[in-house]
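Proteins get letters first, then strands, A, B, ... in listed order; numbering begins at 1 in each.
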Number of protein chains: 2
Amino acid sequence: MELVEIYECLCDPTRLRLLNVLAQGPVCVCHFQDVLGEPQVKISKHLAYLRARGLVASERQGNWVIYGLAAKRSRELEANLACLQECAQSIPVFKRDLARLKKIEPSCAWVRAGDPRKAPGQCRCG
Amino acid sequence: MELVEIYECLCDPTRLRLLNVLAQGPVCVCHFQDVLGEPQVKISKHLAYLRARGLVASERQGNWVIYGLAAKRSRELEANLACLQECAQSIPVFKRDLARLKKIEPSCAWVRAGDPRKAPGQCRCG
DNA sequence: AAATCATATTCCTATCACGGAATATGCTTC
DNA sequence: GAAGCATATTCCGTGATAGGAATATGATTT
């Protein structure tokens with residue numbers, strides 16, 4: 001993974017928001033939609049972009065797909081993610097996203113717990 | 001200066017090399033050509049790109065133009081430049097550039113000293 | 001097996017970024 | 001002021017990218 005590719009991943013606002021959220025832990029796609037307030041296609045495409053380049057990994061659980069930061073990250077990626085997080089701390093959009101994530105997440109903890117059978121009928125968490 | 005704009009500046013290999021070199025101090029354009037081994041247009045355009053976005057500033061001295069990192073840099077920019085430098089340390093291209101810079105630079109110290117009158121006929125330093 | 005839900009992909013369009021060739025500018029020297 | 005040098009800009013062609021609408025896939029429920 002070239003350094004430039006990392007920056008290419010970082011040069012879109014939506015992807016920055018996704019990565020900022022992902023730094024908190026794995027999240028399923030519908031969460032992203034709610035947190036970012038962006039249409040499904042947009043979210044899905046940018047996640048695909050990041051996955052194609054190995055920044056994130058996805059895992060299916062029933063109807064839902066959970067995305068997380070890739071398990072193995074190069075030193076460069078690690079450094080840049082840390083840098084992003086530091087920068088994001090003081091930028092409104094990112095703070096808002098994390099705040100919304102906090103509200104939504106507890107109600108859907110079962111998703112990440114990996115037991116889709118215990119799921120309520122839907123993931124429209126909130 | 002939006003965070004994304006910073007990343008846009010960083011998502012081209014030539015610009016990364018330029019910034020890596022600039023981290024050592026101001027440099028004139030012909031140095032860049034020699035150090036990077038890239039054609040004049042390419043160097044000039046990317047420097048223009050960086051200048052348009054406020055990452056670097058330029059100053060004319062006689063026939064030559066000296067570029068340096070912008071005096072005032074946002075926290076975000078500062079963080080990312082530091083991150084870049086750290087990453088660059090272990091990447092061959094960047095190391096090579098700095099090595100070549102070291103060789104070339106002394107012979108042209110007068111340029112940055114700001115006395116074009118004392119210049120030898122040309123800046124083809126080396 | 002039909003309907004429903006969550007997510008992914010395709011198709012299209014508009015925009016933008018890079019690179020190179022050629023040309024322009026601005027300064028200096030003769 | 002003409003020639004020469006260092007740098008900048010313009011004008012192309014080409015390829016990448018983002019976004020939206022529509023459609024497809026894959027899993028689940030009835």
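Note: CH2 (A:Trp64) to P (C:dC5) measures 11 Å, nearest angstrom. Computed from coordinates, the B:Asp34 CG to D:dA6 P distance equals 10 Å when rounded to whole Å. Note: CD (A:Glu38) to C1' (D:dG20) measures 12 Å, nearest angstrom. Here the P atom of nucleotide D:dC5 and the CD atom of B:Gln33 are 14 Å apart, to the nearest Å.
For the helix from C:dA1-D:dT30 to C:dC30-D:dG1, the end axes, each set by the C1' atoms of five terminal pairs, are bent relative to each other by 10° (nearest 10°).
A sub-4.0 Å separation between OP1 or OP2 of C:dA17 and a side-chain N or O of B:His46 is absent.
The CD atom of A:Glu86 sits 13.0 Å away from atom CG of A:Leu81, with the distance rounded to the nearest 0.5 Å.
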Mind listing the side-chain donor-acceptor pairs of residues 88-100 of chain B below 3.5 Å, one per line with the distance, residues two or more places apart or on another chain?
residue	atom	partner	partner atom	Å
B:Ser90	OG	B:Cys87	O	3.2
B:Asp97	OD1	B:Arg17	NH2	2.9
B:Asp97	OD2	B:Arg17	NE	2.8
B:Arg100	NH1	B:Val35	O	3.2

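Non-hydrogen atoms lying under 4.0 Å from DNA chain C are contributed by nothing in residues 2-20 of chain A.
For the pair A:Leu19/A:Leu10, a side-chain contact is recorded, criterion being any heavy-atom separation below 4.5 Å from C-beta on.
When the side-chain hydrogen bond (donor to acceptor under 3.5 Å, both in side chains) test is applied to B:Arg73, the partners found at least two apart in sequence or on another chain are B:Glu78. Every residue two or more places apart in sequence or in another chain was checked for a salt bridge (Lys or Arg N to Asp or Glu O under 4.0 Å) with B:Glu59, and none qualifies. When the side chain to side chain contact (heavy atoms under 4.5 Å, CB included) test is applied to A:Val4, the partners found at least two apart in sequence or on another chain are A:Glu8, B:Pro13, B:Leu16. Shown here are the salt bridge (Lys or Arg N to Asp or Glu O under 4.0 Å) partners of B:Glu2, two or more places apart in sequence or in another chain: there are none. Under the side chain to side chain contact (heavy atoms under 4.5 Å, CB included) criterion, B:Arg51 pairs with B:Ala48, B:Val56, B:Ser58, B:Tyr67, not counting sequence neighbours.
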Which pairs, protein N/O on one side and nucleotides 8-14 of chain C N/O on the other, fall under 3.5 Å?
residue	atom	partner	partner atom	Å
C:dA8	OP1	A:Tyr67	OH	2.5
C:dA8	OP2	A:Ser44	OG	2.9
C:dA8	N7	A:Gln40	NE2	2.7
C:dA8	N6	A:Gln40	OE1	3.2

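Each salt bridge (Lys or Arg N to Asp or Glu O under 4.0 Å) pair with one or both residues in residues 18-31 of chain A, not counting sequence neighbours, would appear here, but there are none.
A:Arg15 contributes a side-chain N or O that, together with a main-chain N or O of A:Cys9, makes up a donor-acceptor pair within less than 3.5 Å.
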